[in-house]
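Let me begin by presenting the structure, written as structure tokens, before commenting on it.
All of these numbers come straight from a predicted model, not from anything done at the bench. Convention: sequence-line order gives letters A, B, ...; per-chain numbering from 1. Atom set for the values below is all heavy atoms of this structure, side chains included, hydrogens, waters and symmetry mates excluded.
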There are 2 protein chains.
Amino acid sequence: MSLNKLVNMQESLSHATTLEELQRAAETIRDDYNVDHVVYHWVNSVGERFGCGTYTSEWVDRYLEKDYLYIDPVILGCFHRFDPVNWKQLDWSSKGAREMLRDACDYGVGPQGFTIPVRGPKGQYALFTLADSRSDDEWETFIEEKKKDMILVSHTFNQKALELEERVFQLEAAQLSKRERSTLTLLAKGKNRAQAAQELEISENTLRVYVESARHKLGALNTTHAVARALAAGQIVV
Amino acid sequence: MSLNKLVNMQESLSHATTLEELQRAAETIRDDYNVDHVVYHWVNSVGERFGCGTYTSEWVDRYLEKDYLYIDPVILGCFHRFDPVNWKQLDWSSKGAREMLRDACDYGVGPQGFTIPVRGPKGQYALFTLADSRSDDEWETFIEEKKKDMILVSHTFNQKALELEERVFQLEAAQLSKRERSTLTLLAKGKNRAQAAQELEISENTLRVYVESARHKLGALNTTHAVARALAAGQIVV
DNA sequence: TTCTTACTCACTATTTATGGTGAGGCATGG
DNA sequence: CCATGCCTCACCATAAATAGTGAGTAAGAA
């Protein structure tokens, strides 16, 4: 029964500490849920991409070689979505996208798919994907049935990916001070230094010190860069 | 049984189309799962805050009046987390935080709590929270048992919140041109106009036109503002 | 207590950004 | 064909940001 599979999988994932173990977890899910492919792909907080799962290395090479990353409706579409998506709902109208899908099928991927996008606290962005070749109706039914399981599984994957990442970049978290955050927040809202200083009831000179120190902490080259980094790092919210 | 409750709740939520309905859904969960409070709080893509749930208006007023938003370890801590968190695991070491918790208990909130952070595609940030007054052990057990349900419920809440948001800001999506996006992306990476122009192999004057037109499209007051908005709107990625 | 971190302010010359306008070329779609 | 939007470039005066250092106060942690 589905619940048991889920529990087993989460049990095995809860001990995953390396990329290889995530890989094996993906294979386990593929077998337990009887789908062609299970893939987890993520972009960490410094923009590096990782992937693991059951796609063949031939398909992965092909995908990268053809720059499908910048064409793939799954990647592009999910970036603007929160909710899990059946590939059929995506926009396959462009020529490049249709070519890619044909190509994918030749490599044993698709045409059915189900992808769950997830976002982390520091701009991390991940996709948990199931791919299969059954019919539209069968796939619809399958998704309906397994969707909840898959949301939970994708959560567990993400947690593991974030743990991996934290272990690698051990908390380089440049912590901004309260005033630095307030300053960058106001600048991100379009205020200039004079206005921001007035709003914070400090002199413009003081405010400038905050901008500078924030810049240094964030390793930013100028104010705009600092704001972009602080936003991406989740240190400020506009 | 737990599964039935979940199905009922999701059934009722799936028809929610207003803030009031989300509110009622929160109340239903409170009653079905027998906890003191259920609260859903989110920040939309333009930085506006919304909340709904079972906190009393007295506590909400108190919370806002005392600026607890900037002290609350739940808000601050979850912003840097992906995984659901038992409040006990958060950092309550600051004086302000402890005061807040005492205050919250006086208003019937806590001391136990469980919060699930979720992020949307355009910088939306949401917290789904359960609060209760049972003992540490009882709470631990409760969470262990209901965690999966709650992750699924928080997903459903988020989906509804995003739908609400989309209905309100019906695709005011200022579409930037390719060059405008490239320009803002380079500026977000800390380049100045001269460097960015060189990288794009256009004159600095031309580049300035892109910055200006992007600014106008985004309704931004200056370059930094434009970059922040483009980032928040997912039009550029750093 | 002592040490650290955050917060506050000042000074000045130099570099950059801003705002608005005008204008030609090129592609697309009604 | 003509309108629209995109890409390209130029000019110029003014406003704003930048860089680096020095220094005092206050609060909190060790």
Side-chain angles (χ1 to χ4, degrees), chain A residues 93-95 171 173-230 235-236, chain B residues 67 70-71 73 76 91-100 172-230 235-236:
Chain A
S93 62
S94 85
K95 203 175 62 178
L171 201 58
Q175 259 306 333
L176 298 180
S177 77
K178 189 174 178 172
R179 287 306 230 184
E180 287 160 350
R181 281 196 300 272
S182 308
T183 297
L184 291 189
T185 303
L186 289 171
L187 295 178
K189 286 181 175 168
K191 318 273 178 180
N192 63 24
R193 303 206 286 207
Q195 296 169 324
Q198 196 184 358
E199 198 147 327
L200 294 175
E201 296 180 302
I202 55 179
S203 80
E204 195 178 327
N205 286 311
T206 301
L207 184 120
R208 284 185 42 208
V209 174
Y210 299 147
V211 178
E212 290 295 296
S213 54
R215 262 200 330 112
H216 287 128
K217 282 184 183 176
L218 294 163
L221 295 166
N222 54 41
T223 303
T224 300
H225 196 194
V227 166
R229 290 207 156 177
Q235 298 242 3
I236 65 171
Chain B
D67 271 344
Y70 305 100
I71 297 170
L76 302 177
D91 174 19
W92 296 90
S93 62
S94 86
K95 207 175 60 179
R98 284 192 306 269
E99 274 175 20
M100 195 204 81
E172 45 161 323
Q175 260 306 332
L176 298 181
S177 78
K178 190 173 182 173
R179 287 306 229 185
E180 287 160 350
R181 280 195 302 271
S182 307
T183 297
L184 291 189
T185 302
L186 289 170
L187 296 178
K189 286 181 175 167
K191 317 272 179 184
N192 62 25
R193 302 206 286 210
Q195 295 168 325
Q198 196 184 358
E199 197 146 328
L200 293 175
E201 297 180 301
I202 54 177
S203 81
E204 193 178 328
N205 285 312
T206 302
L207 184 119
R208 285 185 43 205
V209 175
Y210 298 147
V211 178
E212 290 297 294
S213 54
R215 262 197 334 109
H216 288 129
K217 283 184 183 175
L218 294 162
L221 297 166
N222 55 40
T223 303
T224 301
H225 196 193
V227 167
R229 290 208 156 177
Q235 298 240 1
I236 65 172

Tell me what A/Asn192 touches on the nucleic acid: a base, only sugar-phosphate, or nothing, going by heavy atoms under 4.0 Å. sugar-phosphate

With the side chain of A/Arg179 defined as its heavy atoms from C-beta on, choose the nearest nucleotide among D/dC6, C/dA17, C/dC7. C/dC7

Taking C/dC7, C/dC9, D/dC6 as options, the one with an atom nearest any side-chain atom of A/Ser177 is C/dC7

Could you check how far NE2 of A/His225 sits from C1' of C/dT16, rounded to whole Å? 17 Å

Can you tell me which nucleotide in C/dC7, D/dA10, C/dC9 comes closest to the side chain of A/Val209? C/dC9

By nearest heavy atom, map B/Thr206 and A/Thr223 onto DNA chain D; which one lands nearer the 5' end? B/Thr206

To the nearest Å, how far apart are B/Gln195 CD and C/dA17 C1'? 14 Å

What is the separation between atom CG on A/Asn205 and atom P on C/dA13, rounded to the nearest whole Å? 14 Å

Between the side chain of A/Arg229 and the main-chain N/O of A/Gly219, is any donor-acceptor distance below 3.5 Å? yes

What does B/Leu221 touch in the nucleic acid at a heavy-atom separation under 4.0 angstrom: a base, only the sugar-phosphate, or nothing? sugar-phosphate

Out of C/dA6, C/dC7, D/dA17, whichever nucleotide has its closest atom nearest the side chain of A/Lys217: C/dA6

Whole angstrom is fine here: how far is it from CD in A/Glu212 over to C1' in D/dA17? 9 Å

Round to a whole Å and report the spacing from NZ of A/Lys178 to P of C/dA6. 13 Å

Which is more 5' along DNA chain D, the nucleotide nearest A/Thr224 or the one nearest B/Arg208? Just name the residue. B/Arg208

